[in-house]
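Naming: A, B, ... by sequence-line order, numbering from 1 per chain.
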Protein chains: 2
Amino acid sequence: MKIGQLAKRARTPVETIRYYEREALLPEPQRSAANYRHYQQQHLERLLFIRQCRALDLSLAEIRTLLEVKDNPNAACDTANQVLDEHIQHVETRIHELQALAQQLRQLRSKCHSEKAASDCGILQSISKSNATPMPSSSHIK
Amino acid sequence: MKIGQLAKRARTPVETIRYYEREALLPEPQRSAANYRHYQQQHLERLLFIRQCRALDLSLAEIRTLLEVKDNPNAACDTANQVLDEHIQHVETRIHELQALAQQLRQLRSKCHSEKAASDCGILQSISKSNATPMPSSSHIK
DNA sequence: TAAAAACCCTGTACCAACTACAGAGTCAAG
DNA sequence: CTTGACTCTGTAGTTGGTACAGGGTTTTTA
């Protein structure tokens, strides 16, 4: 099948497929006389694997590691487990960060419910609360 | 003060300050005879505002909007509220997405606890489960 | 006072993971 | 046989910076 067909079947933009090839995640397919790419079932499966991993928010580097394990049927899948464990950690950390963030944002938002002028807006004032590191006492502002 | 001083007081890399200037978030400061940037207290305050917003994960575009409101003391702070509301929505959506993701990842991880060969690894097999859009019946795979 | 260290300048390239062209060639349908 | 849909390569843009290279300037130290 040609690249457009593959793109449809994997719900992936054509440019992205070419990008994965450049990144060596997808092997170079055969070419027709007119230099068109021609793909096999294998390519589709590999592309779906990549897209599934991307949907799980794995980075291309992580996916590359998984593909290497996959390409090496005798290798222990140890490495794949490790990639996944680290990624789970990463996602959970990010969730906690975002939860703290949302809390801060809601608190900030609560400071202004009316349509005040900007100069009176509790939100803009709160964000502006100074956070500067003081100058060392020996120096002075020019 | 010179850029290095400003950088220290706002705990912001020098390059980032110059970048904000290029992005027109910070106004161009005066220059010395040797073409060095010289900043005032105002610049520090504005930079701290930007950094505080970044810590809240607001995009530079969102920050630009907030700064415009701030620069216009007579404007209603309406727009600032709206930016914040949308951002809170955005963060909360992302939290839910990541929670679903973490769940999927944990489930996937549970499929392989031993050090099997890659070809037997439940994880790699699970990710590979086909997801392709079928070809229309009229067409065929070349 | 002179050399060395620390600072500053512009401009460019790089990161991830694509996306969006431009400009040219190829193929299928009517 | 022309029109439109597809494909090709190559390059640039996205976000929010970071990291030089290759200069000039200022401050510190010997």
How many Å lie between [atom1] on [X] and [atom2] on [N], as a whole number?
| X | N | atom1 | atom2 | answer |
| --- | --- | --- | --- | --- |
| Leu26(B) | dG16(D) | CG | P | 15 Å |
| Gln30(A) | dC8(D) | CD | P | 14 Å |
| Arg31(B) | dC7(C) | CZ | P | 19 Å |
| Ile17(A) | dC8(D) | CD1 | P | 10 Å |
| Met1(B) | dC8(C) | CE | C1' | 16 Å |
| Gln5(A) | dA5(D) | CD | P | 16 Å |
| Ile3(A) | dT7(D) | CD1 | C1' | 8 Å |
| Lys2(A) | dT26(C) | NZ | P | 13 Å |

Notebook entry, point to check: Just by protein heavy atoms under 4.0 Å, how would nucleotides 14-24 of chain C read 5' to 3' in B, S and -?
Noted result: ---BBS-----
Note to self: The criterion is side-chain contact (heavy atoms from CB on, under 4.5 Å); which residues satisfy it with Ser110(A), sequence neighbours excluded?
What the structure shows: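 Expected list: His113(A).
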Note to self: Holding to side-chain contact (heavy atoms from CB on, under 4.5 Å), I want the full list of residues that pass it with Arg11(A), two or more places apart in sequence or in another chain.
What the structure shows: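 Arg11(A) satisfies side-chain contact (heavy atoms from CB on, under 4.5 Å) with Thr133(B) only.
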Margin query: Does a side-chain N or O of Arg37(A) approach OP1 or OP2 of dC8(D) to a distance below 4.0 Å, or not?
Written below: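 Yes, because at least one side-chain N or O of Arg37(A) sits under 4.0 Å from OP1 or OP2 of dC8(D).
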Please table the atom pairs, donor to acceptor, closer than 3.5 Å between any side-chain atom in residues 90-102 of chain B and protein atoms at least two apart or in another chain.
from     : atom 1 : to        : atom 2 : distance (Å)
Glu92(B) : OE2    : Arg106(A) : NH1    : 2.4
Thr93(B) : OG1    : Gln89(B)  : O      : 2.8
Arg94(B) : NH1    : Glu97(B)  : OE1    : 2.9
Arg94(B) : NH2    : Asp57(A)  : OD2    : 3.0

Next item on the list: Decide yes or no for Thr12(B) and Ile50(B): does some side-chain heavy atom of the first lie under 4.5 Å from some side-chain heavy atom of the second?
Entry: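 Of all side-chain heavy-atom pairs linking Ile50(B) with Thr12(B), none is under 4.5 Å.
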Please list every donor-acceptor pair under 3.5 Å in which a side-chain atom of residues 19-28 of chain A meets a protein atom from a residue at least two apart or in another chain.
from     : atom 1 : to       : atom 2 : distance (Å)
Tyr20(A) : OH     : Arg51(A) : NH1    : 2.9
Glu21(A) : OE1    : Arg37(A) : NE     : 2.8

Next item on the list: Consider the side chain of Tyr36(B), meaning its heavy atoms from C-beta on, and name the nucleotide among dT25(D), dT9(D), dT10(C) that approaches it most closely.
Entry: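 Between dT25(D), dT9(D), dT10(C), the one nearest the side chain of Tyr36(B) would be dT25(D).
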Item checked: ring-ring contact (aromatic ring centres under 6.0 Å, His included) pairs, two or more places apart, involving residues 40-66 of chain A ->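 Sorted result for residues 40-66 of chain A: Tyr39(A)-His43(A).
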